[in-house]
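Comments concern the structure below.
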Amino acid sequence: HDLAVDDVAVPAARCFSLLGPARDPSPAYRVSAFGTLAAGVAAVALGVATAAVERFVALAREKTPSGARRTLAHRELVQHAVAVADARVRAARLYLHDAARSAGADDSLDARAALRLAACHVTRESVAAVDLVCNAAGAGAARTGEPLERMFRDVHMAAQHAMVADAVAVLAGRVRLGLETDASML
């Protein structure tokens, strides 16, 4: 999913500095560039997790395991897994929206740290949700060509991104505790 362009002029009005002041006073532009990047990574992880839960629901409704009379969906552990995964995804989405809305209304250090923490947490919750449904799906979830296999890899790779790394949660914790912190990346 790479893009390449040659001989294209980008108008100055379409350019910005990651570290410079916002060019527009509206809330969407008050969010720090690093907060926006982190929220973007978290949104990708949420999208993958949402798709994984939906894929698992379809799979559980149609797959009858060897030796079983009923579909996977009839197993209580499967019902529990899909419910918990769905709750994790839905709660994480609300948390990210709330943190982004707050960061747009308030560009303080606390709000920036809260958005970055939310992005970290949302990504981890997305990983947990995908892990739940992949475990409940069984070995078939790891089969090449099964969408859950790709979703598992994608969400785990999203969690490796520097914008949502555990080190960011440490920064957010330092801010919350009122400790001296290099906040240039928040």
Side-chain angles (χ1 to χ4, degrees), residues 1-56 58 88-90 92-109 111-131 133-134 141-172 175 181-186:
H1 303 294
D2 295 336
L3 286 187
V5 294
D6 293 315
D7 299 320
V8 176
V10 178
R14 299 272 184 202
C15 298
F16 68 96
S17 167
L18 287 175
L19 302 175
R23 291 189 354 213
D24 186 308
S26 65
Y29 292 92
R30 279 196 296 249
V31 176
S32 74
F34 293 111
T36 300
L37 291 170
V41 173
V44 168
L46 266 175
V48 171
T50 300
V53 170
E54 291 306 314
R55 170 61 188 144
F56 177 67
R88 284 180 183 268
V89 170
R90 289 172 185 258
R93 182 176 289 109
L94 291 173
Y95 180 27
L96 184 60
H97 284 206
D98 181 63
R101 197 171 17 259
S102 293
D106 173 13
D107 65 353
S108 69
L109 180 59
R112 290 192 328 246
L115 176 56
R116 293 297 302 280
L117 178 61
C120 292
H121 181 74
V122 164
T123 303
R124 297 298 176 273
E125 286 296 288
S126 296
V127 168
V130 172
D131 286 353
V133 297
C134 285
R143 191 182 78 247
T144 301
E146 166 54 50
L148 285 173
E149 183 269 338
R150 175 71 184 261
M151 294 168 188
F152 180 88
R153 281 187 296 122
D154 288 350
V155 80
H156 279 269
M157 286 302 93
Q160 300 304 310
H161 198 288
M163 288 292 114
V164 294
D166 288 338
V168 175
V170 171
L171 284 176
V175 169
T181 302
D182 175 7
S184 60
M185 299 293 282
L186 289 176

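Remark: H97 engages no residue in a ring-ring contact (aromatic ring centres under 6.0 Å, His included) (not counting sequence neighbours). Taking R90 as the reference, D86 meet the salt bridge (charged side-chain N to carboxylate O under 4.0 Å, His left out) condition, with sequence neighbours excluded. With sequence neighbours excluded, the residues satisfying side-chain contact (heavy atoms from CB on, under 4.5 Å) with A159 are T123, R124, V127. Residues passing the side chain to side chain donor-acceptor pair (under 3.5 Å) test with S184 are D182, sequence neighbours excluded. Scored by the ring-ring contact (aromatic ring centres under 6.0 Å, His included) test, H121 finds Y95 as partners (sequence neighbours excluded). In this structure, the side-chain contact (heavy atoms from CB on, under 4.5 Å) partners of R143, at least two apart in sequence or on a different chain, are E146. With sequence neighbours left out, the side-chain contact (heavy atoms from CB on, under 4.5 Å) criterion links T181 to L171, R174, V175. Under the rule for a side chain to side chain donor-acceptor pair (under 3.5 Å), the partners of T50 that lie at least two apart in sequence or sit in another chain are R93. In this view, A183 and L109, R112, L186 satisfy the side-chain contact (heavy atoms from CB on, under 4.5 Å) rule, not counting sequence neighbours. Here D107 pairs with nothing under the side chain to side chain donor-acceptor pair (under 3.5 Å) rule; sequence neighbours left out.
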Side-chain donor-acceptor pairs of residues 5-16 under 3.5 Å, sequence neighbours excluded:
none

Under 3.5 Å donor-acceptor pairs involving side-chain atoms of residues 147-154, not counting sequence neighbours:
residue, atom, partner, partner atom, Å
E149, OE2, R153, NE, 2.8
R150, NE, D154, OD1, 3.2
R150, NE, D154, OD2, 3.3

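Contact between L96 and A43 at its shortest, heavy atoms only, is CD2-N, 4.2 Å. Closest heavy-atom contact between A162 and V168: O-CG2, 3.7 Å. The two residues V130 and A52 come nearest to each other via the heavy atoms CG2-CB, 3.9 Å. Of all heavy-atom pairs between A39 and L115, the closest is CB-CD1, 4.5 Å. Closest of all the heavy-atom pairs between R88 and A129 is CD-N, 4.1 Å. When all heavy atoms are compared, the tightest approach of A114 to A99 is O-CB, 4.1 Å.
Distance check: S126 OG to H156 NE2 gives 10.5 Å after rounding to the nearest 0.5 Å.
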